[in-house]
Amino acid sequence: MKIATWNVNSLKQRLPRVLALLAQHRPDVVCLQETKTGADAFPEAELAEAGYAAVHYSAGRWAGVAVLAPVGAAPVEVARGLPGEVDAGEARWVEADVGDLRVVSVYVPNGRAVGTDTFAAKLTFFEAMADRAAAILDERGDRGVVLAGDLNVMRSDLDVYDPAAFAGSTHVTPEERGRFERVLATGLTDAYRHLHPDEPGYTWWDYRAGHFHKKLGLRIDYLLVSPDVAGRLTSCGIDREYRKGSKPSDHAPLLAELALA
DNA sequence: ATGCCTAACAGAGTTAGA
């Protein structure tokens, strides 16, 4: 089975590219972030025409997360909002069941600048995420869990095109990285890094100054998987084609394939 | 060429992204 996660930076603007992804990869699960759509404007009909059903948490112009799956195995909403986050109304967390899999689509706050209130809220979000991940894994036992999305943190300097330039800025601080490691320590595996220990695996490139073609990227999007799912991973990679061409997102989709359980 | 930022809201310029 195939699982994808993609920060689309507006589902409205990205709908043609999303439909292309669905047609090309026919994923069994898709986690979307930054849909930036109001609940009433979510393109359910267009997705249904492509054979996909959605569970989404939409809050208007910012953030917004969704889980898509084929209509024959439609996602079932479990929860929206992350217990303990500073503002659960921002639409950064949604949980759904897809078949035997528990799926979370998450968009961690950017944090803007170290020392700000939004940075503190980002740290709180990571702490709440670790608590919730631990609870889900405990509840689920051997049944699979996938926590996917834009985590807005570079796990190590391998994930940064110019670590020296990022020294002291958000996304690389010990506070953020330490909290991310605590999320992983609940029992989740960083799927891309697990299969590709030495490749950067960038998922985001600044729109400005031709960063994409200069290969100046960051790895901020992740597929985190429970132990049973980690054991079934057969591939994990970034489809860079979706960062090219007409009206791309600034993120490329991250995809993984699993052997059947 | 993979290419020099994009999107929402508004109706210009601000806010946000990372």
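Any value given below was found using the heavy atoms of this structure, including those in side chains, with hydrogens, waters and symmetry copies removed. Values in this document were obtained by computation on a predicted structure and should not be read as measured data. Here is how names work: the chains are called A, B, and so on, in the same order as the sequence lines, proteins then strands, and each is numbered from 1.
- Base contact: A:Asn110 has a heavy atom under 4.0 Å from a base atom.
- Put simply, NE2 on A:His251 is 8 Å from C1' on B:dA18, counting in whole angstrom units.
- For the pair A:Glu176 CD and B:dA18 P, the computed distance is 12 Å after rounding to whole Å.
- Ring planes of A:Phe180 and A:Phe126: tilted class, angle from 30 to 60°.
- In this structure, A:Asp159 places its CG atom 14 Å from C1' of B:dA18, rounding to the nearest Å.
- One atom, CZ of A:Arg92, and another, P of B:dA16, lie 11 Å apart when rounded to the nearest Å.
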Distance-only check: which donor-acceptor pairs under 3.5 Å involve side-chain atoms of residues 248-261 of chain A, not counting sequence neighbours?
{"residue": "A:Ser249", "atom": "OG", "partner": "A:Asn7", "partner atom": "O", "Å": "2.7"}
{"residue": "A:Ser249", "atom": "OG", "partner": "A:His251", "partner atom": "N", "Å": "3.0"}
{"residue": "A:Asp250", "atom": "OD2", "partner": "A:Trp204", "partner atom": "NE1", "Å": "3.2"}
{"residue": "A:His251", "atom": "ND1", "partner": "A:Asp221", "partner atom": "OD1", "Å": "3.4"}
{"residue": "A:His251", "atom": "ND1", "partner": "A:Asp221", "partner atom": "OD2", "Å": "2.8"}
{"residue": "A:His251", "atom": "NE2", "partner": "A:Asn7", "partner atom": "ND2", "Å": "3.4"}
{"residue": "A:Glu257", "atom": "OE1", "partner": "A:Ser235", "partner atom": "OG", "Å": "3.2"}

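- On the P atoms, B:dA10 is 14 Å away from B:dT15, given to the nearest whole Å.
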Query raised in the report: Given A:Thr35 and A:Thr37, is the side-chain hydrogen bond (donor to acceptor under 3.5 Å, both in side chains) satisfied, shown in steps?
Result: CA-CA 5 Å; A:Thr35 53; A:Thr37 178; over 6 Å; no

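- Side-chain contact check for A:Tyr242 and A:Gln24: at least one donor-acceptor pair (N or O, by modelled atom type) lies under 3.5 Å.
- Under 3.5 Å, the side chains of A:Lys36 and A:Asn9 contain a donor-acceptor pair of N or O atoms.
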Under 3.5 Å, which donor-acceptor pairs do the side chains of residues 70-81 of chain A form with other protein atoms, sequence neighbours left out?
{"residue": "A:Glu77", "atom": "OE1", "partner": "A:Arg80", "partner atom": "NH2", "Å": "3.2"}
{"residue": "A:Glu77", "atom": "OE2", "partner": "A:Arg80", "partner atom": "NE", "Å": "2.9"}
{"residue": "A:Arg80", "atom": "NH2", "partner": "A:His56", "partner atom": "O", "Å": "2.9"}

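- Backbone-only engagement by A:Tyr107 is indicated by non-hydrogen atom pairs under 4.0 Å involving sugar-phosphate atoms exclusively.
- Between B:dA7 and B:dG11, the two C1' atoms lie 15 Å apart (nearest whole Å).
- On the P atoms, B:dT2 is 31 Å away from B:dG17, given to the nearest whole Å.
- As a whole-Å value, the separation of A:Asn7 CG from B:dA16 C1' is 12 Å.
- A side-chain donor from one of A:Glu176 and A:Thr173 sits under 3.5 Å from a side-chain acceptor of the other.
- At the heavy-atom level, A:Glu241 lies nowhere under 4.0 Å from the strands shown.
- One atom, CD of A:Glu90, and another, P of B:dT15, lie 17 Å apart when rounded to the nearest Å.
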What does the list of N/O pairs under 3.5 Å between the protein and nucleotides 2-7 of chain B look like, with a distance for each?
{"residue": "B:dG3", "atom": "N1", "partner": "A:His213", "partner atom": "NE2", "Å": "2.9"}
{"residue": "B:dC4", "atom": "O3'", "partner": "A:Ala209", "partner atom": "N", "Å": "3.2"}
{"residue": "B:dC5", "atom": "OP2", "partner": "A:Ala209", "partner atom": "N", "Å": "3.1"}
{"residue": "B:dC5", "atom": "O4'", "partner": "A:Tyr207", "partner atom": "O", "Å": "3.4"}
{"residue": "B:dC5", "atom": "O4'", "partner": "A:Arg208", "partner atom": "N", "Å": "3.3"}
{"residue": "B:dA7", "atom": "OP1", "partner": "A:Arg14", "partner atom": "NH1", "Å": "3.2"}
{"residue": "B:dA7", "atom": "OP1", "partner": "A:Arg14", "partner atom": "NH2", "Å": "3.4"}
{"residue": "B:dA7", "atom": "OP1", "partner": "A:Lys247", "partner atom": "NZ", "Å": "3.3"}
{"residue": "B:dA7", "atom": "OP2", "partner": "A:Lys247", "partner atom": "NZ", "Å": "3.4"}
{"residue": "B:dA7", "atom": "O3'", "partner": "A:Ser10", "partner atom": "OG", "Å": "3.4"}

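- B:dG17 atom P lies 15 Å from atom CG of A:Leu218, rounded to whole Å.
- Of the C1' atoms belonging to B:dG3 and B:dA16, the separation is 23 Å, rounded to the nearest Å.
- Here the separation of B:dA1 from B:dA12, taken at their P atoms, is 36 Å to the nearest Å.
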